[in-house]
Amino acid sequence: QVQLAESGGGSVQAGGSLRLSCVASRDAYNSNVMAWFRQAPGRVREGIAAIYPTVSSTKYADSVKGRFTISRDNAKSTLYLQMNNMRPDDTAIYYCAADLTRNWARPLRPDDYKYWGQGTQVTVSS
């Protein structure tokens, strides 16, 4: 059974940091591109960071570049998102996704992922 489980969300003041984790089942994690998305109320789901499976190459949305870092621990089948210098407009539900099915060079499109976690709320206050 494929499973993705996020944790680490919460509330933080502007300028603060949080680290999100996503523990994945083997089927979801192995040899798969994995990514983080977020969705704020009334807005479309936004791809913010992705990581490739073998060389750990990464891609970021401009909105988080230089502030957020995606990483993966293959021994633990876990995906991470380190978020620093956070801003109120980072407030959203954050989702991890696995298994990019197409558009390998453009890994921040939500329709291209097969598996999703349930999401974790992140709130940044000013």
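Small disclaimer: the values here were computed from a predicted structure and weren't measured.
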Exercise. Gly119 and Ile93: which non-hydrogen atoms are nearest, and at how many Å?
Worked result: CA-CG2, 3.9 Å
Exercise. Within 45 degrees of the axis of the six-membered ring of Tyr29 and under 6.0 Å from its centre: does Arg72 put its NZ or CZ there?
Worked result: yes
Exercise. Is Tyr94 linked to Leu18 within one hydrophobic cluster, defined over Ile, Leu, Val, Met, Phe, Trp and Tyr using a side-chain heavy-atom separation of less than 4.5 Å?
Worked result: yes
Problem set entry | Gap between atom CZ of Arg38 and atom CG of Asp90 - 0.5 Å precision | 4.5 Å
Exercise. Measuring from Ser125:OG to Gln13:CD, what's the distance to the nearest 0.5 Å?
Worked result: 5.0 Å
For this session: Heavy atoms only: give me the nearest Ser126-Ala14 pair and the separation to one decimal.
Result: CA-CB, 4.3 Å
Problem set entry | Same cluster (ILVMFWY, side-chain, under 4.5 Å), Val12 and Ile48 | yes
Problem set entry | Under 3.5 Å donor-acceptor, Gln39 side chain and Ala92 backbone | no
Exercise. Is it true that Tyr113 and Tyr60 fall in one hydrophobic cluster, defined by side-chain heavy atoms closer than 4.5 Å?
Worked result: no
Distance-only criterion, 3.5 Å: show the donor-acceptor pairs between side-chain atoms of residues 78-88 and protein atoms not counting sequence neighbours.
residue : atom : partner : partner atom : Å
Thr78   : OG1  : Lys76   : O            : 2.8
Gln82   : NE2  : Asn84   : OD1          : 2.9
Asn84   : OD1  : Ser17   : OG           : 2.9
Arg87   : NE   : Asp89   : OD1          : 3.2

Exercise. Shortest non-hydrogen contact from Phe37 to Pro107?
Worked result: CZ-O, 4.4 Å
Problem set entry | Which atom of Pro110 lies closest to which atom of Trp116, heavy atoms considered | O-CZ2, 3.3 Å
For this session: Locate the shortest heavy-atom distance separating Leu4 from Ala24; write the atom from each residue and the value.
Result: CD2-CB, 3.4 Å
Exercise. Which atom pair, heavy atoms only, marks the closest approach of Ala105 to Lys59?
Worked result: O-CE, 3.3 Å
Problem set entry | Distance in Å, Cys22 SG paired with Tyr95 OH, rounded so as to fall on 0.5 Å steps | 13.0 Å
Seminar exercise, completed: Taken to the nearest 0.5 Å, the spacing of Leu100 CG from Met34 CE works out to 12.0 Å
Exercise. Distance-only, no hydrogens or angles: does the Ser25 side chain make a donor-acceptor pair with backbone N or O of Gln3 under 3.5 Å?
Worked result: yes
Problem set entry | Joint hydrophobic cluster, Val64 plus Val124, side-chain heavy atoms closer than 4.5 Å | yes
Exercise. Tell me, do Asp111 and Arg102 make a side-chain contact under 4.5 Å, heavy atoms counted?
Worked result: yes
Seminar exercise, completed: One should read off an interatomic distance between Ile70 CD1 and Ile51 CD1, to the nearest 0.5 angstrom, of 5.5 Å
For this session: Any chance you could measure Asn103, atom CG, to Leu108, atom CG, to the nearest 0.5 Å?
Result: 11.0 Å
Exercise. Among the clusters formed by ILVMFWY side chains lying less than 4.5 Å apart, do Tyr115 and Val23 turn up in the same one?
Worked result: no
